[in-house]
Engineer: 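Below is the structure I would like to discuss, written out as structure tokens.
Predicted model, so just to flag it, every value in this text is computed and none were measured. We name chains A, B, ... by the order of the sequence lines, and we start the count at 1 in each one. Below, each value reflects all heavy atoms present in this structure, side chains not excepted, and no hydrogens, waters or symmetry copies.
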2 protein chains.
Amino acid sequence: MGGDRLYALLERLGNLLRTEERAAGLPHGLQPVHLQALRYLQSCNRYSNTPAALTEYLGLTKGTVSQTLLLLEEKGLLRKQADTEDRRVIHLLLTEAGRAVLKQALPPELFKRALAKLPGDGAALDESLTELLRALQAANAQRSFGPCGTCKHFQREGSGRFRCGLTQEPLSREDSQLLCREHEGISPGH
Amino acid sequence: MGGDRLYALLERLGNLLRTEERAAGLPHGLQPVHLQALRYLQSCNRYSNTPAALTEYLGLTKGTVSQTLLLLEEKGLLRKQADTEDRRVIHLLLTEAGRAVLKQALPPELFKRALAKLPGDGAALDESLTELLRALQAANAQRSFGPCGTCKHFQREGSGRFRCGLTQEPLSREDSQLLCREHEGISPGH
DNA sequence: TTGATTAGTATCGATTCGAAACTAAATGCG
DNA sequence: CGCATTTAGTTTCGAATCGATACTAATCAA
């Protein structure tokens, strides 16, 4: 059946990207997981920049992620900031150095070159992958980590003013584009 | 730019599949790499079932792959067979047990369920991914590991009879569908 | 107040992985 | 032929990921 072929394709792509990621991180002394953590933290919103959210995103255990964060902090790529409301919670903020490393390392050179050679602008690929990801997350009961503005808790309050229905906090236009761990897609039935 | 988003998608998909693969291998005491090795060996041709080819396919070092193979052999999932022509070369053959494990473990359940939910039959996805993989392999100077029958060394010799232009050996119809490490795509310019 | 839950950390052992040194066979060049 | 070089594969070692488990501290619920 066709599933096998699709699976082989995805696995091979995954391996190639992982190898590239390994090479891209090497000069900075970073492993693939470290780059992935940095990339997540750069693109998530203020509810989702915590060890717990990162743990869910990466699909690892919290102990493992805690180690990863220790290393990134020692290297000065991120800093920790205690939450003012819930003192158990810690927010992870990229430093300038962290952002610089990320900008230089990801996406890897090979990937950028390949993308340039791709016939079309990759829109079809984007759409197919998004669909697959959605199906995977639906099949599992997993969080979607989608952009804030596409969530069912997202509320419009007039020109350029938004609010999160879950936390009741106001949201800026930039906020609405960041990934959120509480993200729930709008179900087609409504 | 759009590359970032595409990259994030692929990385996330890769992580999900890897997590699933880890879970699928757990009951057999196998890690993701082990399943990947088995899957490759099941679908490659007789020129490509060697440690060196597997090393290239996985993008690891030969020492690492050597360890992986040791474990798989100990578990009775594959056996080694010395090449009769070149006594340095070793061929890796799946045992019945190896094939059974593979059949049971891959693709992971989650993936199959997701595929079933996918609108359409995944043909668009297949095409997009194949294109991307081709672009990646062209951008790198990497081997393509494509099916024998789509290689520029592949020769037709009449009804159902084929030959490899590189080794001059005759090929069966089944041969022509297996992955080959010497595979070179037919360049569009010819 | 007491018990349960949640966020995060610390420690341990198993495993992957790369680097480098090594063996053995094949190849190439004088 | 003879000797250096290359290639296939193994071995050894150390660094790093990762999961499991136990732990602290804060919050929440009854």
Engineer: Taking the side chain of B/Arg18 as heavy atoms from C-beta outward, which of C/dC17, C/dG8, C/dA25 is closest to it?
Structural biologist: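 Shortest atom-to-atom distance from the side chain points to C/dC17.
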
Engineer: Under a 3.5 Å cutoff, is there a donor and acceptor pairing between the side chains of A/Thr130 and A/Asp126?
Structural biologist: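 Result is yes, a qualifying pair exists.
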
Engineer: So B/Thr50, base contact, sugar-phosphate only, or nothing? Heavy-atom distance under 4.0 Å.
Structural biologist: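 If one applies the 4.0 Å heavy-atom cut-off, B/Thr50 turns out to touch the sugar-phosphate alone, with no base involved.
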
Engineer: Would you kindly compare A/Ala52 and B/His34 by the position of their nearest DNA chain C nucleotide and give the one closer to the 5′ end?
Structural biologist: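 Counting from the 5' end, the first nearest nucleotide belongs to A/Ala52.
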
Engineer: Atom CG of B/Leu78 and atom P of D/dG9: how far apart are they, to the nearest Å?
Structural biologist: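 To the nearest whole Å, that distance equals 13 Å.
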
Engineer: What is the separation between atom CG on A/Asn49 and atom P on C/dA7, rounded to the nearest whole Å?
Structural biologist: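 These atoms are roughly 14 Å apart.
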
Engineer: From the options D/dT6, D/dG9, C/dG18, select the nucleotide whose nearest atom is closest to the side chain of B/Arg88.
Structural biologist: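 The listed nucleotide nearest to B/Arg88's side chain is D/dT6.
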
Engineer: Given D/dA20, C/dA26, C/dG18, which nucleotide is nearest the side-chain atoms of A/Thr61?
Structural biologist: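 The closest nucleotide is D/dA20.
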
Engineer: Between atom CG of A/Leu69 and atom NZ of A/Lys80, what is the distance when rounded to the nearest 0.5 Å?
Structural biologist: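 If I round to the nearest 0.5 Å, the distance is 5.5 Å.
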
Engineer: Would you state whether a donor and an acceptor, one from the side chain of A/Thr64 and one from the base of D/dG19, lie under 3.5 Å apart?
Structural biologist: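 Counting by modelled atom types and ignoring angles, a donor-acceptor contact under 3.5 Å is found here.
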
Engineer: Working to the nearest 0.5 angstrom, can you tell me the gap between A/His34 NE2 and A/His28 NE2?
Structural biologist: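 The NE2 atom of A/His34 sits 13.5 Å away from the NE2 atom of A/His28.
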
Engineer: With rounding to the nearest 0.5 Å, note down the distance linking CZ in B/Arg22 to CG in B/Leu17.
Structural biologist: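 Separation between the atoms: 13.0 Å.
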
Engineer: Distance check, rounded to the nearest 0.5 Å: A/Leu16 atom CG versus A/Glu21 atom CD?
Structural biologist: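 Separation between the atoms: 12.0 Å.
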
Engineer: Between B/Val65 and B/Arg22, who's closer to the 5' end of DNA chain D by nearest nucleotide?
Structural biologist: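 Looking at DNA chain D, the more 5' nearest nucleotide goes with B/Val65.
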
Engineer: Nearest to the side chain of B/Val89, heavy atoms from C-beta on, is which of C/dA10, D/dT17, D/dG9?
Structural biologist: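 Selected nucleotide (nearest to the side chain): D/dG9.
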
Engineer: Rounding to a whole Å, what distance do you find between A/Asp86:CG and C/dT5:P?
Structural biologist: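 The distance from CG of A/Asp86 to P of C/dT5 comes to 17 Å, rounded to the nearest Å.
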
Engineer: For B/Gln67 and C/dG18, give me the distance from atom CD to atom P, rounded to whole Å.
Structural biologist: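 Rounded to whole Å, this separation is 12 Å.
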
Engineer: Give the nucleotide from the list D/dA26, C/dC17, C/dT9 with an atom nearest to the side chain of A/Pro51.
Structural biologist: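 Nucleotide nearest to A/Pro51's side chain: C/dT9.
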
Engineer: Expressed in angstrom and rounded to an integer, what is the separation of A/Ile90 atom CD1 from D/dA25 atom C1'?
Structural biologist: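 Interatomic distance, CD1 of A/Ile90 to C1' of D/dA25: 11 Å.
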
Engineer: Atom NZ of B/Lys62 to atom P of D/dT11: distance rounded to whole Å?
Structural biologist: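 So the NZ-P distance, B/Lys62 to D/dT11, works out to 13 Å.
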
Engineer: Roughly how many Å is it from CD in A/Glu21 to C1' in D/dT17, rounded to a whole number?
Structural biologist: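 After rounding, the gap between these two atoms is 14 Å.
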
Engineer: Measure NZ/A/Lys80 against P/C/dA7 and give the value in whole Å, please.
Structural biologist: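 So the NZ-P distance, A/Lys80 to C/dA7, works out to 16 Å.
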
